[in-house]
**Q** 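Sharing a structure, written as structure tokens. Questions coming.
Just so it is clear: chains get the letters A, B, ... in the order the sequence lines come, proteins before strands, and each one is counted from 1.
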There are 2 protein chains.
Amino acid sequence: MDVDTRLLRYFAAVAEEGNLTRAADRLFVSQPALTKQIRQLEARLGATLFTRSRAGMSLTAPGRALAERVPELLAAWDRARREAANAAGRAARVLKLGAMASGANEATQDVIAAFARLRRGWRVEMRQAAWSDPTAGLAAGDVDAALLRLPFPGQDALRVEPLFTEPRWVALPAAHPLATRELIAFRELWDEPFVAARPETGRWRDYWLAADERDGRPVRIGAIADRPDDWLGAIANGYGIALAPESAARFYARPGIVYRPLSGVAPSTVAVAWAPADDADPVVRDFVRCCLAAAAPQRSGDGPGPRPDAR
Amino acid sequence: MDVDTRLLRYFAAVAEEGNLTRAADRLFVSQPALTKQIRQLEARLGATLFTRSRAGMSLTAPGRALAERVPELLAAWDRARREAANAAGRAARVLKLGAMASGANEATQDVIAAFARLRRGWRVEMRQAAWSDPTAGLAAGDVDAALLRLPFPGQDALRVEPLFTEPRWVALPAAHPLATRELIAFRELWDEPFVAARPETGRWRDYWLAADERDGRPVRIGAIADRPDDWLGAIANGYGIALAPESAARFYARPGIVYRPLSGVAPSTVAVAWAPADDADPVVRDFVRCCLAAAAPQRSGDGPGPRPDAR
DNA sequence: TGCGTCCATAACCTGGCGGCATGGATGTCG
DNA sequence: CGACATCCATGCCGCCAGGTTATGGACGCA
């Protein structure tokens, strides 16, 4: 008997939620559609998977048996899919590079140019990640390498090579009273509302709220953004202000938004990251080497930072 | 990204066959349908899975990566599905019993009656298996126990408890010269064409051709049948004769077919079989106990049983 | 008694799958 | 050298499965 993984996801969602309506909501389908699908799954298996009551849907014995297997099944499919995609990338000589919005700055171009020289016939394919995925697809295996800013959650499970640092500035609505100041002390912003990343992003979110550098003062959250566009919009509309790397002033310049230098916050570190499984991959190694090489000039200008040792 | 297991089966078939047309044939779909599906799979994965040539379809690197995972994925789904079905059987208090056509004879009713007495509230659900599945669904985990005739392929991986033996007779077209004889010696049938099971059924097929008891003389195959209906039809139409347990004379009596006692072939043994995984299952154990109890009277008497009225 | 919360049902629409017929490319053979 | 065979791709069409909205029925709760 055949199933669609979609159907399995539906089933898993209902099993977890114990409630059709909420599960339907989570799956972005209507509740009747979900009802039909679950009933059909039951019909096809010839087994009752849930007992219905006004309290919701609770698993029966066969339902539990299935629910136990489904997650690993979905995971297995996902792995298979990714393995194929990776093989396809290799075959097409494409290095997939994840980048957090405003990940690296101008250096990115140098890196890619250097890589193109080193690996003739290869091509770098960049994909911008939303802030809700702080490893830019690396943790999920969707990319071969990523340009990220430290610290980020999941960092310890990956190889990380710091490249250079960059001062953190502040992005303000143009109408903000401080927007005309040449230099702002972070202390002056402690009571401002901030545009933050989603709470799930943990350390990363805290870092860009400079939670450690506000002397214990709580942060006011004015808005939550997951992508640069939302972020810029939120700031321009006055929902809050936000820290940003200096280069954002060039890459995310926009009417209604002003970037200003900041004192009293540590600079931001850009790093290249890759999966430990790719340690031996010559292409990934070459790419990392290019990153270190391209970063060298900037790094010297920017104070200490670990010595570049191209491996 | 979602897939249907059907799509994975399609992919696996093409990967194995290396040829769309043949794969389509094997999958019972048209070749254009398969073409479309494979192309769609490629589109969804964003990877080329096959290189097309007039020689056929051969896997690319990503194709190989996928082909490596797909079989285990399908197997995992099948396992999950069966586990759920088994749990459903338990929950509904159903013991699923596989039976090879003409598996057990009149004893079946006694067994089921005994089980019904021992396990109140439980119910036996019988499913007839085609000869192409010599374990009657036991090997695949579709049933909890099976009534089979020894020997059958796959026997060693299962628990088998012999119940009783029954003489083997011969089924002849009514018009056959020997059809009026009271007793036939197997030797007289050596040159007759036989209606046999599919070649894949190995030992089982050989046993019912009595390949070991024809003194090295080769078997002539007149027809191949997979189900009792085909089998009866083939015999009645004169394509060949066949050995059959004595009880077939009662259970598969049909105009145009005559059953006659045979000398010179060993009797057939009926056994109950179950999966080793169910050794500790109290319900299966009870069922086996009922089988042994119901078989006891016949086992001692062995020969006669109810009078056969071969017409 | 009216309201909110569940799940089920009804009616309708649409996209995708499968089937048939056919086309295009490329060997093969009389 | 043309006829043929073998593969895969394409065009067109009918049908069903899955989705949506609107609504119903059961039940607990204030």
Side-chain angles (χ1 to χ4, degrees), chain A residues 1-64 66-67 70 74 77 81, chain B residues 1-64 66-67 70 74 77 81:
Chain A
M1 198 212 63
D2 288 313
V3 241
D4 199 316
T5 53
R6 181 177 38 78
L7 196 47
L8 297 182
R9 288 190 298 108
Y10 284 8
F11 168 73
V14 175
E16 276 178 38
E17 295 283 353
N19 178 312
L20 267 182
T21 314
R22 267 199 304 281
D25 219 39
R26 195 174 107 184
L27 295 166
F28 303 106
V29 294
S30 67
Q31 169 261 314
L34 198 50
T35 296
K36 259 199 291 191
Q37 291 299 306
I38 296 294
R39 293 188 90 77
Q40 176 182 322
L41 181 60
E42 289 182 323
R44 279 204 260 179
L45 287 173
T48 305
L49 300 172
F50 295 96
T51 54
R52 278 90 165 155
S53 70
R54 95 211 89 290
M57 317 263 292
S58 68
L59 288 165
T60 60
R64 273 193 304 277
L66 192 63
V70 162
L74 291 172
W77 162 241
R81 197 179 56 72
Chain B
M1 196 212 64
D2 289 312
V3 240
D4 199 318
T5 52
R6 181 177 39 80
L7 196 47
L8 296 182
R9 289 191 296 108
Y10 284 8
F11 168 73
V14 176
E16 275 178 37
E17 294 282 352
N19 180 310
L20 268 183
T21 315
R22 266 198 305 281
D25 219 38
R26 195 173 106 182
L27 295 166
F28 302 106
V29 295
S30 68
Q31 170 261 315
L34 198 51
T35 296
K36 263 194 287 189
Q37 291 299 308
I38 296 294
R39 294 188 90 78
Q40 177 183 322
L41 181 61
E42 289 181 324
R44 280 205 258 177
L45 287 174
T48 306
L49 299 172
F50 295 96
T51 53
R52 278 91 164 153
S53 69
R54 80 219 95 285
M57 317 264 289
S58 67
L59 288 165
T60 61
R64 272 194 304 278
L66 192 63
V70 162
L74 292 173
W77 161 239
R81 197 179 56 72

**Q** Looking only at the side chain of A:R44 (C-beta and beyond, no hydrogens), which of the listed nucleotides D:dG18, C:dA10, C:dG19 gets closest?
**A** D:dG18

**Q** The criterion is side chain to side chain contact (heavy atoms under 4.5 Å, CB included); which residues satisfy it with B:A13, sequence neighbours excluded?
**A** B:A23, B:R26, B:L27

**Q** Would you kindly give the CZ-to-C1' distance between A:F50 and C:dA8, to the nearest whole Å?
**A** 16 Å

**Q** Of the non-hydrogen atoms in B:V3 and A:D4, which two are nearest, and what is the gap between them?
**A** O-OD1, 3.1 Å

**Q** Report the residue (A:A55 or B:P32) whose heavy-atom-nearest nucleotide on DNA chain C is the more 5′ of the two.
**A** A:A55

**Q** So do the side chains of A:V29 and A:Y10 get within less than 4.5 Å of each other, counting heavy atoms only?
**A** yes

**Q** Please report the shortest heavy-atom distance between A:A67 and A:A15, naming the atom on each side.
**A** CB-CB, 4.4 Å

**Q** Please list, in numerical order, the residues of residues 12-24 of chain A that have a heavy atom closer than 4.0 Å to any atom of DNA chain D.
**A** none

**Q** Could you go through nucleotides 25-30 of chain D and list every protein N or O atom that sits under 3.5 Å from one of its N or O atoms, giving the distance for each pair?
**A**
from: D:dC27; atom 1: O3'; to: A:R54; atom 2: NE; distance (Å): 3.0

**Q** Can you list, in residue-number order, the parts of residues 2-10 of chain A that come under 4.0 Å of DNA chain D, counting heavy atoms only?
**A** A:R6, A:Y10

**Q** Distance check: side-chain N/O of A:R52 vs OP1/OP2 of C:dA8, anything under 4.0 Å?
**A** yes

**Q** A side-chain contact here means heavy atoms from C-beta on lying under 4.5 Å apart; do B:T21 and B:D25 qualify?
**A** no

**Q** With distance as the sole criterion, is a donor-acceptor pair present between the side chains of A:S58 and A:T51 under 3.5 Å?
**A** yes

**Q** Which atom names give the shortest non-hydrogen contact between A:T48 and A:T60, and what distance separates them?
**A** O-OG1, 2.6 Å

**Q** Take the protein atom CD of B:Q31 and the nucleotide atom C1' of D:dA9, then report the distance between them rounded to whole Å.
**A** 8 Å

**Q** What parts of residues 33-43 of chain B reach DNA chain D, counting only heavy atoms under 4.0 Å away?
**A** B:T35, B:K36, B:R39

**Q** Name the atoms and distances for all side-chain donor-acceptor pairs under 3.5 Å in residues 32-47 of chain B, with sequence neighbours left out.
**A**
from: B:T35; atom 1: OG1; to: B:Q31; atom 2: O; distance (Å): 3.1
from: B:T35; atom 1: OG1; to: B:Q31; atom 2: NE2; distance (Å): 2.9
from: B:E42; atom 1: OE1; to: B:R52; atom 2: NH1; distance (Å): 3.1
from: B:E42; atom 1: OE1; to: B:R52; atom 2: NH2; distance (Å): 3.1
from: B:E42; atom 1: OE2; to: B:L49; atom 2: N; distance (Å): 2.7
from: B:E42; atom 1: OE2; to: B:F50; atom 2: N; distance (Å): 3.1
from: B:E42; atom 1: OE2; to: B:R52; atom 2: NH1; distance (Å): 3.0
from: B:R44; atom 1: NH1; to: B:D2; atom 2: O; distance (Å): 2.6

**Q** When you compare the side chain of B:L59 with that of B:F11, does any pair of heavy atoms fall below 4.5 Å?
**A** yes

